Amino acid sequence: RGKRAFIAGVADDNGYGWAIAKALAAAGAEILVGTWVPALNIFETSLRRGKFDESRKLPDGSLMDIAKVYPLDAVYDSPEDVPEDVKSNKRYAGSSNWTVKSFDKYNSLLIGQEVAESVKNDFGSIDILVHSLANGPEVTKPLLETSRRGYLAAISASSYSYVSLLQHFLPIMNPGGASISLTYIAAERAIPGYGGGMSSAKAALESDTRVLAFEAGRKGKIRVNTISAGPLGSRAAKAIGFIEKMIEYSYVNAPLQKELLADEVGNTAAFLVSPLASAITGSIVYVDNGLNTMGLAV
Ligand code: NAD
């Protein structure tokens with residue numbers, strides 16, 4: 001049978017998560033996505049109304065099918081973690097018709113472990129786990145001005161969320177499967193403007209990639225890698241404020257002077273989770289037109 005992938009962090013057709021979903025679908029995988037609860041209604045409505053049909057087109061002319069969309073909030077692991085004001089927030093108390101057990105109890109909010117449980121109930125197992133999400137409420141603030149709360153929130157949403165996802169999904173991942181996340185060069189080099197502890201969160205994610213590769217490799221024969229992607233004008237990136245500048249900087253300074261397409265990251269993801277990459281684990285793979293190799297702006 002074909003492989004089954006769960007991709008966390010798809011809420012429109014602009015980001016890396018969407019491009020990865022498409023590349024995996026084109027390679028024959030069945031696609032499940034996890035969408036942040038506040039963005040869920042609009043995403044599902046847009047899907048249903050055909051707003052994404054143009055960008056659902058695969059190379060063979062067919063449309064990517066998303067077998068199921070799961071509501072996901074990566075900052076809570078168990079029901080007790082959800083604060084009252086979030087439970088009663090009307091964006092969470094949406095009008096959807098999900099038949100998940102959280103629906104009545106938690107105002108439609110489905111959290112970490114429950115997502116894995118739901119996927120298990122619906123499909124039994126998965127082969128591929130993709131983490132394509134990040135959030136740093138103080139990302140526009142320099143690190144020197146970042147609060148403890150903002151810093152920890154960035155780590156919670158952008159780094160621990162991956163530990164939690166893999167922790168909960170590993171038991172339902174078939175041996176030989178693979179997982180990937182998305183990181184950014186700001187983990188290793190100072191990128192002024194990528195603040196609020198987001199650089200710290202990516203550094204944690206990269207370090208965790210090595211440790212998780214060891215643990216998940218030994219425990220479940222699962223490979224774990226991360227893609228260090230170049231700048232893309234996604235919704236999340238636009239919130240940071242200087243993405244156009246970064247794209248321009250890359251164009252001017254990278255070895256390959258061309259636009260970086262989300263599909264190029266999607267294709268790399270498809271390679272990394274495929275048997276073609278069967279000996280690659282614990283790695284950071286750069287998909288950035290080579291920008292990371294430069295030591296001098298030209
Ligand atoms: P995106 O907006 O497509 O994806 C980010 C997703 O995270 C969104 O769908 C958002 O709804 C989701 N999200 C935020 N908080 C969440 C939470 N608490 N629970 C669940 N979902 C949550 O933007 P993107 O730029 O494609 O980001 C995908 C990944 O790529 C991120 O890890 C990002 O850091 C990384 N990345 C992006 C760039 C870039 O320039 N865009 C560069 C390198 C790495």
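Counting starts at 1 for both ligands and their atoms, in listed order. What you are looking at is a predicted structure, and each value in this text was computed from that prediction instead of being measured.
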Dump the pairs for me: ligand 1 N or O, protein N or O, distance under 3.5 Å, to 0.1 Å.
unit_1, atom_1, unit_2, atom_2, d
ligand 1, 2 (O), Ala236, N, 3.1
ligand 1, 15 (N), Asn135, ND2, 3.4
ligand 1, 18 (N), Trp36, NE1, 3.3
ligand 1, 18 (N), Asp73, OD1, 3.1
ligand 1, 19 (N), Ala74, N, 2.9
ligand 1, 23 (O), Ser234, OG, 3.1
ligand 1, 25 (O), Ser234, OG, 2.5
ligand 1, 26 (O), Tyr16, N, 2.8
ligand 1, 32 (O), Leu133, O, 3.4
ligand 1, 32 (O), Lys202, NZ, 3.0
ligand 1, 34 (O), Lys202, NZ, 2.9
ligand 1, 40 (O), Leu232, N, 2.8
ligand 1, 40 (O), Leu232, O, 3.4
ligand 1, 41 (N), Leu232, O, 3.0
ligand 1, 41 (N), Ser234, OG, 3.4

Which pairs would a plain distance check flag for residues 169-186, meaning a side-chain donor or acceptor within less than 3.5 Å of a matching protein atom at least two apart in sequence or in another chain?
unit_1, atom_1, unit_2, atom_2, d
Asn174, OD1, Ser125, OG, 3.4
Asn174, ND2, Ser125, OG, 3.2
Asn174, ND2, Asp127, OD1, 2.9
Ser179, OG, Leu129, O, 3.0
Ser179, OG, Tyr162, OH, 2.6
Ser181, OG, Thr226, OG1, 2.8
Thr183, OG1, Glu206, OE2, 2.7

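Between Ala237 and Leu232, the closest heavy-atom pair is CB-O, 3.2 Å.
Evaluation of the side chain to side chain donor-acceptor pair (under 3.5 Å) test over residues 262-284, restricted to residues two or more places apart or in two chains, returns Lys258-Glu264.
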Tyr251 and Asn289: CA distance, side-chain angles, deciding distance, side-chain contact (heavy atoms from CB on, under 4.5 Å) verdict = CA-CA 9 Å; Tyr251 193 88; Asn289 285 327; over 6 Å; no

How far apart are the C-alpha atoms of Leu32 and Ile7, what are their side-chain angles, what is the distance that settles it, and do they pass the side-chain contact (heavy atoms from CB on, under 4.5 Å) test?
-> CA-CA 6 Å; Leu32 317 177; Ile7 302 155; over 6 Å; no

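Among residues two or more places apart in sequence or in another chain, the salt bridge (charged side-chain N to carboxylate O under 4.0 Å, His left out) test is passed with Asp53 by Arg56.
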